[in-house]
Amino acid sequence: MSQYLETLNPAQREAVTTLRGPLLIVAGAGSGKTRVLTYRIAHLLENGIAPWNILALTFTNKAAREMKERIANVVGEKVAGQLWMGTFHSIFLRILRIEAETLGYSPTFSVYDTSASQGAIARIIKEMNLSTDDYAPRRIAARISMAKNNLVLPAQYLNEPLIAEQDSRSKIPRTGEIYEAYQQALRRASAMDFDDLLLQMTLLLGHYPEIRQRYQEKFAYILVDEYQDTNVVQNRILNQLAEQHHNLCVVGDDAQSIYAFRGAKIQNIIKFPSTYPELKMVKLETNYRSTGAIVEAANRLIAHNPNQIRKVCRASTDGGDDIEISTAFTDMEEANFVAQHIQTTALREKAQHGQFAILYRTNAQSRLLETGLRALNIPYRVYGGTSFYQRKEVQDLLAYFRLVVNPADEQALLRVINLPARGIGATTLAALAAGANAREVSLWDYLQDIERTAISLRAATLGAIVQFRELIKGFLGRVHTAEAYGLAEEIYRKSGLREALELDTTPEGESRVGNVGEVFNSIKEFSEAKVESGEADLVTLPMYLDEVSLLTDTDKEEEGENERVTLSTIHSAKGLEYDYVYVVGLEENIFPSRRASEEPGGLEEERRLCYVAVTRAAKHLTLTHALSRSTYGQSQRNPQSRFLGEIVPGYHAQGVEYLPANSSTGSSAWRGGTGRTAQNQRLNPSVAKPRGATAPAAINPSALREPATPPEQLSAGDSVLHPRFGRGEILELQQQGGDPRAIVQFINEPKPRTLVLRYAQLRKI
DNA sequence: CTTCCATATATTTTT
DNA sequence: TATATGGAAG
């Protein structure tokens, strides 16, 4: 027996060594799932299965990369590189590129990200003259995405009475038509959105038996990670591929299914046994990550969900710290408490900041937490949020690349045709779109003989269009032969994008230039990696685009990860673990969120989300809630989350009365010095042990009551105090125009702010 | 055609 | 409270 098998427990060993037939591995949190998957692949290889016959699918690039690395450690880089291992989307993209022509797509088809897809849908809604109040593009896009994820094509969508009824009740009866037009637009642009990468894949396998058979034979062994998060289409594809050999191994935990809102079907994992009656089921129930106290807390919580695959999770070690619960008066005090708690704990336990994570339900909650951490000089990083790749300047540049690779790409064309401003405005574009639509060709095709067809355009506008067309044409021929970096640079330069960006010397402008620089760095890194690994001799722009269009921020590794506290939504934290975890905002209407509790099954999903949050903690778990919280600028009071009582039976925030909602004068009224400002209890043993819990306020409130300095007495270089942002230095004063403004760098802010002096109430210090 | 200001709008989001 | 979007002025 191989050495690695000896390091596994019996259940893990069974999961690793059962090579043939359908296998369901129910893997509780922290049960060594990745280890099992890794060893299982190693074991397959050891038993003579060729790496190219193994398909291993994950949801995130990060998970794929991690597993690839770990397998490479066991079997070597060369063999690991030959595995078909990656995300659903990236693997299917790879296959769809090969088979594109069968489906009537160009092999250079574009991949639309969410914003491109929404843009295309918005265009159609406008062209159909529908009100964007009822037909909010976001909403329609979500509806279409849901349809695609559930394998409902436009024809079915239009014919399904149930859907028609739903849509007319929601006042969006023409959604089906939009869906149909959208799919046509995608084809004309030779583009697929994220959902299409799955949908077209299943259509390919469904409509072409010989192709299906080829892939069935090729992928004789299939492994799927996070199976509880698969949607209808993904599940269908898996069944299609596994039809012949039935060697389908899925790993998941129904208790951690948190993506139903994106179409994930928890039923896939629950019904897996009935799809494959001959299956073997293995339950991994030993949690090697968390202490007994944490595992028990998680078990108590999840026990409130009725629909589950039964399993009994046990900790590998008993005991551990009790779960800590803290009640704060306000969200700001909650944030300060957490920051303070982290500082004290890090000192006392000699723990690295990288071992701490603060988890919240919504991204908006990160702001106060950041302020709290900054006030104590605790380094942190915010996971997720606005992605690097969603920055305007980055998207603009990538749109140029996309257009050069696939000039039919309408969204890319629309994005850059007037960028930098060339005098091709909305009116002109509407005329062009009308012309293209009338002829049923892509915009790009329509531009080809625009000199003859567009009569109504002004000479200057026509000239600008022709010039742009020739600019793009100059790149087209070289896309597949030129090296990515050089071509990218040339595009950046010749398009005028570079000049336009570099002209802006404001701090924001400079950061934009920096971001573009990062893109170029990533092109270089990507190219070098591909050449070094021998995967390619020549790395072209299309290859880079395929990589980058399926990449998210979370995939980027950052410097100094170990020294920084992680701030993350619970969703983004799935799969990660930290010694010290703070789950904040445990209040009704926040967590569980109001919307979720209104939807059927929503509450259970929120509870699973909470389960995910709790099980991220290895050593110590702190739960916090605030009596009052400002949302959208308004103060709100929410009762404690029901989850608190489920985790710690009988828990009620004690010793604090609900205070009137925060008034405009600030919270200094109860910050005065006497009495505790927050209640903090250590539970179980049930004797509540209060302790002082509030961090020093970032800004001394009394200092702010002093009158502001009149604007005319301020000058650049002055140190000033702002009621909200605190201390800062004036970088520049702007007099031009109506209101005099000041650009101020605050010590607690990453970048300078521009303030209108009339309102800003700055005080010179 | 571009710029600016008012107004609306507001989960979670692996791809 | 921030941000996105759309209409009116430049």
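Chain naming here is simple, since letters A, B, ... match the order of the sequence lines and numbering starts at 1 in each.
Using a 5.5 Å limit on the distance between ring centres and a 30° limit on the angle between planes, the aromatic ring of A:Phe261 does not count as stacked on the six-membered base ring of B:dT13.
Between A:Thr114 and B:dT15, a side-chain N or O to OP1/OP2 separation shorter than 4.0 Å is absent.
The A:Ser593 side chain lies nearest to B:dT11 when the options are B:dT14, B:dT11, B:dT15. Closest to the side chain of A:Asn61, from the set B:dT15, B:dT2, B:dC1, is B:dT15. Listed nucleotides: B:dT15, B:dT13, B:dC1. Nearest to the side chain of A:Thr428: B:dC1. Side-chain proximity of A:Arg367 to the nucleotides C:dA2, B:dT13, B:dT14 is greatest for C:dA2. Side-chain proximity of A:Tyr632 to the nucleotides C:dT1, B:dT13, B:dT15 is greatest for C:dT1. If you check B:dT13, B:dC1, B:dT11 against the side chain of A:Thr569, the one that comes closest is B:dT13.
Side chain of A:Ser190 to main chain of A:Leu186: no donor-acceptor pair is present (N/O by atom type, distance under 3.5 Å, no hydrogens or angles).
A:Leu567 approaches A:Tyr360 most closely through the heavy-atom pair C-OH, 3.4 Å.
By the 4.5 Å heavy-atom criterion applied to side chains, A:Glu334 and A:Tyr582 are not counted as neighbours.
Nearer to the 5' terminus of DNA chain B, by closest-nucleotide assignment, is the contact made by A:Arg422 (compared with the other of A:Arg422 and A:Glu605).
Cation-pi geometry between A:Arg97 and A:Phe109 is satisfied (NZ or CZ under 6.0 Å from the ring centre, within 45° of the ring normal).
Heavy atoms of A:Asp113 sit nowhere under 4.0 angstrom from any nucleic acid atom. Here A:Thr461 lies out of heavy-atom contact (under 4.0 Å) with every strand. At the heavy-atom level, A:Ala364 lies nowhere under 4.0 Å from the strands shown. Within 4.0 Å of A:Phe88, counting heavy atoms only, lies no atom of the nucleic acid at all. The residue A:Ala421 sits close only to the backbone: its heavy atoms come under 4.0 Å of sugar-phosphate atoms, none of a base. Using a 4.0 Å heavy-atom distance criterion, A:Glu606 is classed as a base contact.
One donor-acceptor pair, N or O on each side, does fall under 3.5 Å between the base of B:dT15 and the side chain of A:Arg262.
Considering CG of A:Leu551 and CD of A:Glu547, their distance stands at 5.5 Å, rounded to 0.5 Å.
Between C:dT5 and B:dT12, the two P atoms lie 16 Å apart (nearest whole Å).
Base pairing analysis places B:dA10 opposite C:dT1; the two distances defining the Watson-Crick or G-U wobble pair are each below 3.5 Å.
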